[in-house]
Amino acid sequence: MLTDYADRVLDVVDAIPAGRVMSYGDIAEYLGEGGPRQVGRVLAAYGGSVAWWRVIHADGTPAPGHDLAALARYQEEGTPLRSSVPPVRVHMREARWPGPDSEGAS
DNA sequence: CGTGTGACACGTA
DNA sequence: TTACGTGCCACAC
């Protein structure tokens, strides 16, 4: 059963375009509720249905245990990386995505 | 109902 | 740059 909050999180993650990423805190801030822990918990539970690798820490490091899988996606998606080997780090300054709002923004 | 833990973030050393 | 401590919220025990 997907809670309303989980549904919002998954919706935002699914909206992240290839080559772009968002931090847990960014998503929580975009939704305006909960916190980075809640976002992470949702992805850990239902992340299997979304591009969880596009959701990473504020440092640019992917989820622990899946850093290699995420790395493969980044190389495939063309995500700007600062480090191609562990500790895998995404170039947040360039890859950070403002949110779905930027798609229809004037 | 108290304690521990976690796919986090931030400040400071 | 890494390491440590603290605040945050939700959940398992």
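Note on naming: letters A, B, ... go to the chains in the order of the sequence lines (proteins, then strands), and numbering restarts at 1 for each one.
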Would you compute the distance between atom [atom1] of [X] and atom [atom2] of [Y] and round it to the nearest 0.5 angstrom?
X     : Y     : atom1 : atom2 : answer
A/H91 : A/Y74 : NE2   : OH    : 14.5 Å
A/L43 : A/I56 : CG    : CD1   : 12.0 Å
A/T79 : A/E94 : OG1   : CD    : 12.5 Å
A/R54 : A/E77 : CZ    : CD    : 4.5 Å

**Q.** A/W97 backbone acceptor or donor facing A/R20 side chain under 3.5 Å
**A.**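 Not at all, since once roles are kept as given, no pair shorter than 3.5 Å links the two residues.
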Q. Ignoring hydrogens and geometry, is there a side-chain-to-backbone donor-acceptor pair from A/Y46 to A/D7 under 3.5 Å?
A. no
Between [N] ([atom2]) and [X] ([atom1]): distance, integer Å:
X     : N      : atom1 : atom2 : result
A/R73 : B/dA7  : CZ    : C1'   : 16 Å
A/D4  : C/dA10 : CG    : P     : 14 Å
A/L10 : B/dA7  : CG    : C1'   : 13 Å
A/H57 : B/dG6  : NE2   : P     : 13 Å
A/D59 : C/dA3  : CG    : P     : 12 Å
A/W52 : B/dC8  : CH2   : P     : 13 Å
A/D67 : B/dA7  : CG    : P     : 13 Å
A/M92 : C/dT1  : CE    : P     : 14 Å

(Q) Considering every strand and a 4.0 Å limit on heavy-atom distances, what is the contact class for A/R54: base, sugar-phosphate, or nothing? (A) nothing
Q. Heavy atoms under 4.0 Å, any strand shown: does A/A58 hit a base, just sugar-phosphate, or nothing?
A. sugar-phosphate
Q) Is there a Watson-Crick or G-U wobble partner for B/dC1 with both distances under 3.5 Å, and if so, which one is it? A)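 Paired with no nucleotide.
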Q | Neighbours of DNA chain C within residues 28-42 of chain A, by heavy-atom distance under 4.0 Å | A |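 Going residue by residue through residues 28-42 of chain A, the ones with a heavy atom under 4.0 Å of DNA chain C turn out to be A/R37, A/Q38, A/R41.
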(Q) Looking at A/E29, I want to see if its CD is surrounded by more than 12 non-hydrogen atoms of other residues, nucleotides or ligands under 6.0 Å. (A)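 Check fails, neighbour count at 12 or below.
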(Q) Using the side-chain heavy atoms of A/P64, tell me which of these nucleotides is nearest: C/dT1, C/dT2, B/dA7. (A) B/dA7
Q. Does A/Y24 get its side chain close enough to the base of B/dA7, under 3.5 Å, for a donor-acceptor pair?
A.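 Such a pair exists between side chain and base.
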